[in-house]
Amino acid sequence: MRAILHLLRSHPSPISHFNFHLHLSPRFLSSSSSRFHLHQPTSEEALQHHSHHTQHLSTTSHREKPLISLIKSCSRSHLVQIHAHLLRTSLLQSPTISLALLTHIALSPSRNLSYSLRFFSQIPKPNICHYNTMIRAYSLSNSPEESFRFYREMRRNGISPDPLSSSFVTKSCIRMNSLLGGLQVHAKILSDGHQSDSLLMTTLMDLYSIRQKCDDACKVFDEMSHRDTVAWNVLISCYTRNGRTRDALGVFDTMQSSRCGSQPDDVTCLLVLQACANLGALEFGERVHSFIREHGYGNALNLCNSLIAMYSRCGCVGKAYDVFKGMPNKDVVSWSAMISGLASNGHGREAIEAFREMQRMGIVPDDQTFTGVLSACSHSGLVDEGWMFFNSMSKEFRIMPNVHHYGCMVDLLGRAGLLNQAYDLILSMAVKPDATMWRTLLGACRIHCHVTLGERIIEHLIELKAQEAGDYILLLNIYSSVDDWEKVIEVRKLMKEKGIQTTPGCSTVELKGVVHEFVVDDISHPRKNEIYEMLDEIGMQLKIGGYIAEVTSELHNLGADEKETILSYHSEKLAIAFGVLATPPGTTIRVAKNLRTCVDCHNFAKVLSGVYNREVIIRDRTRFHHFREGRCSCNDYW
DNA sequence: GTAGGGTTAG
């Protein structure tokens, strides 16, 4: 590679020439870049070349190429040397060379923005590549808003942005969480006529998706002239993120149909598995699993990890374990997924055992592993173990507890009835407790009918301006459980005044890969008549089996009979009745509920599991309720 | 002509 040395010598600086060569020593060049083996020139040699070559500093591409290669491969400190050198020659006139240097300074792993800015200002006539490099560099930085400066400036200087310029500023908008900025960029994209660039439109979709403008994202998708797999994947991610989980599954089918030109890939599977996990759609998840095997993705670590999570969240911890067992290599994500899966399915002891096994295998736990371990303690009521892990995570593993860890502890202490300990723990936190934390404790107050603490927590939530319908519902539950109907009416009035909308409870049950959805008193299902008949029949059978309606679950101060009627059409019960109706005897009924399942539905499912000899699994917002042979497998309601 | 873009595990 003598040619490189020759090249460097051929563009010397009259002043810094010697210094330059001194720093680009052969040792550096052979160690930092094995491609170059230079010999160190003597000062005589250098001077000789200097005088010989200074007169022709032409920037023909065959002479630039090796220098560009050198720029790309050298370290930061040597870039500074090269920069100084270029400043003293006319080489900065060459857009190719200035771009190579700018790219290296602005986008390499050790990028330096203030240096990039300084260098950019020295480029005689920046072109679109220079501008795009700056826009991109800022879009990746901590001040993404700065990229707009260059986006505007290039226009002012008569350079029209290309689709990539817009793509980078769209990324900036995503990082800035700015929908308004995104709308402005979108308008520019249209006026620049770049709407046919599908990659750019995909970025824009993602922006709308993240800002919860699902319809706008879909509109962009619909208007795209060409949709590749990534575009479809972004659509799935958009649906999942914005609560249209069933539509996300629909996309997986559409992609496999002949009318769609794009086939699902590994990322599609990853996204669809998330959707299945959210919906508890086991059969669909199994279909995705088959697809993964058929397409040779079966050993992909990320897909296996997602499968573990999906099976766990569908209440099939056994299948999750099968995937886990079959993995040749397991990382911290695999172990954490398995630990959380065991924990949420009521196998607290096994989860803790898995945690110990993981450490024996030399896998270092991270913060999410501890979330799983602490939730194992919480779901199994292991208070002492919980404290032990909570204390050891910071002492032994140097992991500072985050809101999730505190949340698990509050849940653990709260469920165990140690409400004051839980309250004190929240107050002891270094960071201000968020609404979720208070909500967890409020849930515990509901379990233990603790009125005064419940009221205090509502005050905290009001202070955070974060009260949601669910919080008032919990408070109502607390009042109704102690028969304080005046307070119940008061809270209802308050909710009305504040215009608080309650989220409708919704239960889903999957049948042959199709997800059926029910709300309270639902009459939208095509088989509604059969379902209500079945529910009446079940009601009679369960009464014989010892089921008594738990009337405190209903909040209104009605007569007991009326309460019972309202209770009997809760969405969970409709979903379970449909399950009994539509599946062969003995089939497990799996229900996913978006809110908390009430005590009455819990008892209903428990008795049903015995009378009808059905395994019933209800997954609600906080946990699994697992029933078999008339018993609940984990600690009953709490 | 020059550099360069989108989705993504617990």
Side-chain angles (χ1 to χ4, degrees), chain A residues 59 61 64-65 68 72 94-104 106-108 123 126-137 139-140 162-171 174 194 197-207 209-210 217 220-221 224 227-241 251 262 264-274 277 292 297 300-313 320 323-324 327 330-344 358 365-373 375 404:
Chain A
T59 52
S61 80
E64 288 170 355
K65 265 188 184 162
I68 289 166
K72 283 181 179 168
S94 156
T96 335
I97 289 176
S98 59
L99 181 63
L101 199 57
L102 181 68
T103 308
H104 199 127
L107 293 171
S108 68
I123 298 169
N127 63 23
I128 187 167
C129 307
H130 297 114
Y131 276 108
N132 282 355
T133 305
M134 289 309 282
I135 295 172
R136 178 156 188 240
S139 79
L140 299 167
D162 66 2
L164 274 109
S165 328
S166 303
S167 174
F168 300 141
V169 283
T170 308
K171 274 279 182 194
I174 292 174
H194 293 150
D197 187 305
S198 57
L199 270 74
L200 175 56
M201 294 329 251
T202 311
T203 317
L204 203 55
M205 272 181 77
D206 202 39
L207 170 84
S209 159
I210 287 167
V220 172
F221 181 80
M224 278 167 71
R227 306 178 189 103
D228 64 5
T229 300
V230 180
W232 286 94
N233 289 349
V234 175
L235 183 68
I236 295 174
S237 136
C238 174
Y239 281 145
T240 309
R241 186 179 280 140
V251 175
S262 306
D265 66 0
D266 53 341
V267 177
T268 317
C269 295
L270 218 52
L271 294 163
V272 176
L273 285 175
Q274 277 182 346
I292 288 170
Y297 302 141
L301 192 62
N302 54 357
L303 284 173
C304 289
N305 294 343
S306 287
L307 282 167
I308 295 170
M310 183 275 292
Y311 280 126
S312 300
R313 296 201 60 203
V323 174
F324 180 77
M327 290 172 73
K330 305 176 182 78
D331 66 358
V332 62
V333 179
S334 330
W335 283 95
S336 306
M338 198 63 245
I339 290 168
S340 299
L342 287 165
S344 60
M358 160 186 175
D366 67 8
D367 55 339
Q368 295 200 58
T369 320
F370 276 101
T371 307
V373 172
S375 92
H404 302 290

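Per chain, numbering begins at 1; letters A, B, ... match sequence-line order. Treat the numbers as computed from the prediction; the structure is a model and nothing was measured.
- Using a 4.0 Å heavy-atom criterion, one finds that A/Val234 contacts the sugar-phosphate atoms exclusively.
- The side chain of A/Arg136 contributes no N or O atom lying less than 4.0 Å from OP1 or OP2 of B/dA3.
- The side chain of A/Asp331 has B/dA9 as its nearest neighbour among B/dG10, B/dA9, B/dG5.
- Contacts of A/Ser306 with the nucleic acid, taken as non-hydrogen atoms under 4.0 Å apart, involve only primed sugar atoms and P, OP1 or OP2.
- When heavy atoms are screened at a 4.0 angstrom cut-off, A/Asp265 is found touching no nucleic acid atom at all.
- Residue A/His104 contributes atom NE2, which lies 12 Å from atom P of B/dG4 at whole-angstrom precision.
- Using a 4.0 Å heavy-atom cutoff across all strands shown, A/Asn132 reaches at least one base atom of the nucleic acid.
- Residue A/Leu200 is in base contact, counting any heavy-atom pair closer than 4.0 Å across all strands shown.
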For A/His130 and A/Ser98, run side chain to side chain donor-acceptor pair (under 3.5 Å): C-alpha distance rounded to whole Å, both residues' side-chain angles, the deciding distance at 0.1 Å, then the answer.
CA-CA 8 Å; A/His130 297 114; A/Ser98 59; 2.9 Å; yes
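- Nucleic acid contact class of A/Ala300 (heavy atoms, under 4.0 Å, all strands): none.
- Here the C1' atom of nucleotide B/dA9 and the CD1 atom of A/Ile339 are 16 Å apart, to the nearest Å.
- Rounded to whole angstrom, the span from the CD atom of A/Gln368 across to the P atom of B/dA9 amounts to 11 Å.
- Counting atom types as modelled, A/Asn233 pairs no side-chain N or O with a base atom of B/dG6 as donor and acceptor under 3.5 Å.
- Here the C1' atom of nucleotide B/dG1 and the CG atom of A/Leu164 are 16 Å apart, to the nearest Å.
- Look at A/Lys330 and you won't find any side-chain N or O under 4.0 angstrom from OP1 or OP2 of B/dA9.
- With B/dG6, B/dA3, B/dG5 as the choices, the nucleotide that has an atom nearest any side-chain atom of A/Thr103 turns out to be B/dA3.
- Distance A/Leu301 CG to B/dG10 P: 12 Å, rounded to the nearest Å.
- For A/Gln274, no side-chain nitrogen or oxygen approaches OP1 or OP2 of B/dT8 to under 4.0 Å.
- Checking B/dT7, B/dA3, B/dA9 against the side-chain heavy atoms of A/Asn302 singles out B/dA9 as nearest.
- Distances were taken from every side-chain heavy atom of A/Leu99 (C-beta onward) to each of B/dA3, B/dA9, B/dT8; the shortest belongs to B/dA3.
- Contact annotation: the side chain of A/Thr229 approaches that of A/Asn233 to within less than 4.5 Å [non-hydrogen atoms, C-beta and beyond].
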Steps toward side chain to side chain donor-acceptor pair (under 3.5 Å) verdict (A/Ser262, A/Asp228):
CA-CA 6 Å; A/Ser262 306; A/Asp228 64 5; 6.0 Å; no
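- At whole-Å resolution of the value, NE2 in A/His194 and C1' in B/dG4 are 14 Å apart.
- Using a 4.0 Å heavy-atom cutoff across all strands shown, A/Asn127 reaches at least one base atom of the nucleic acid.
- Within 4.0 Å of A/Arg227, counting heavy atoms only, lies no atom of the nucleic acid at all.
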Distance-only donor-acceptor pairs under 3.5 Å for side chains of residues 331-343 of chain A, two or more places apart:
residue  : atom : partner  : partner atom : Å
A/Asp331 : OD1  : A/Asn305 : ND2          : 3.4
A/Asp331 : OD1  : A/Val333 : N            : 3.1
A/Asp331 : OD1  : A/Ser334 : N            : 3.0
A/Asp331 : OD1  : A/Ser334 : OG           : 2.8
A/Ser334 : OG   : A/Asn305 : OD1          : 2.8
A/Ser334 : OG   : A/Asp331 : N            : 3.0
A/Ser334 : OG   : A/Asp331 : O            : 3.4
A/Ser336 : OG   : A/Val332 : O            : 2.6
A/Ser336 : OG   : A/Thr369 : OG1          : 2.9
A/Ser340 : OG   : A/Ser336 : O            : 3.0

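- The listed nucleotides are B/dG5, B/dA3, B/dT7; the one nearest the side chain of A/Lys72 is B/dA3.
- Across all strands shown, A/Thr203 has heavy atoms under 4.0 Å from sugar-phosphate atoms exclusively, and none from any base.
- Here the side chain of A/Pro163 is nearest to one of B/dG5, B/dG10, B/dA3, namely B/dG5.
- With a 4.5 Å cut-off on side-chain heavy atoms, A/Asp197 and A/Leu164 do not count as touching.
- Separating the CE atom of A/Met310 from the C1' atom of B/dG10 is a distance of 14 Å, rounded to the nearest angstrom.
- Looking at heavy atoms from C-beta onward, A/Met201 lies in side-chain contact with A/Leu204 at the 4.5 angstrom threshold.
- Distance, A/Leu207 CG to B/dG6 P: 14 Å, rounded to whole Å.
- Taking every side-chain heavy atom of A/Leu270 into account, B/dA9 is the closest of B/dG5, B/dG4, B/dA9.
- Between B/dT2, B/dT8, B/dG5, one nucleotide has an atom nearer to the side chain of A/Leu199 than all others, and that is B/dG5.
- Side-chain contact between A/Val267 and A/Leu271 is present, with heavy atoms from C-beta onward closer than 4.5 Å.
- Using a 4.0 Å heavy-atom distance criterion, A/Thr369 is classed as a base contact.
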